[in-house]
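Heavy-atom basis, side chains included; hydrogens, waters and symmetry copies ignored. All ligand and atom numbering here is 1-based and tracks the order in the structure.
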Amino acid sequence: MFGSDFSMPSHWQPSSKAPNGLDVVVVDIDGVLADASKRQHYLENRPKDWQLFFAASAEDEVIEEVKRLLELLNESVTVVLLTGRPTSIADLTIEWLNRNAIRWNLLISRPTGDYTLATKFKEYETSRLLELGARIHLCIDDDPNNIEMYRKLGLPSLYVHSGYY
Ligand SMILES: [Mg+2]
């Protein structure tokens with residue numbers, strides 16, 4: 001995808017169907033592909049229980065409309081999942097994606113110990129994709145801050161309403 005001399009950072013995980021071309025859509029997971037509403041209560045505790053919150057993601061239901069939207073994209077399009085989830089649950093996330101037959105090519109999750117604001121993290125990773133030559137056609141997210149960031153980068157973005165983010 002990014003040329004043979006490109007070494008994939010450790011928080012970038014390709015699917016078994018390796019990323020194909022440089023035409024890309026960037027898609028969030030929580031609140032966009034995964035219905036995280038049933039585990040929000042873990043974040044109402046003080047301190048917030050992030051560990052239980054993330055562990056419970058294995059049981060999330062799929063947001064079928066977005067899953068279907070990805071299936072309808074031209075097969076040359078590379079689906080990059082860009083999530084604020086930590087890399088420590090990347091295996092769980094990949095298992096969930098594959099169990100639910102979700103179309104994806106590359107998962108970018110937050111390096112463990114990175115506590116940058118989610119929007120900053122996503123801005124950094126998106127800029128990196130652009131530097132690598134990706135043609136980002138659409139970004140999909142449920143956080144209005146991320147939508148604003150994508151628009152500032154000049155990228156078309158689609159807001160999905162979750163009511164949490
Ligand atoms: Mg989200």
> Report yes if some heavy atom in the side chain of Pro9 is under 4.5 Å from a heavy atom in the side chain of Arg128; otherwise report no.
yes

> Is Leu70 close to Leu33 at the side-chain level, that is, under 4.5 Å between some pair of heavy atoms?
yes

> Go through the structure and list residues passing side chain to side chain contact (heavy atoms under 4.5 Å, CB included) with Lys38, not counting sequence neighbours.
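Scan of Lys38 (side chain to side chain contact (heavy atoms under 4.5 Å, CB included), adjacent residues dropped) gives Glu61.
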
> Taking Val77's backbone N and O only, do any of them form a donor-acceptor pair with Asp23's side chain (distance below 3.5 Å, no angle check)?
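Between the backbone of Val77 and the side chain of Asp23 there is no qualifying donor-acceptor contact (under 3.5 Å).
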
> Could you name all protein N, O or S atoms found under 2.8 Å from the Mg ion (ligand 1)?
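Result, waters dropped: Asp28 OD2, Asp30 O, Asp142 OD1.
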
> Any salt bridge linking Glu64 with Arg68? Criterion: basic side-chain nitrogen under 4.0 Å from a carboxylate oxygen.
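Salt bridge absent between Glu64 and Arg68.
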
> Out of curiosity, Ser157 OG to Leu138 CG, how far, rounded to the nearest 0.5 Å?
7.5 Å

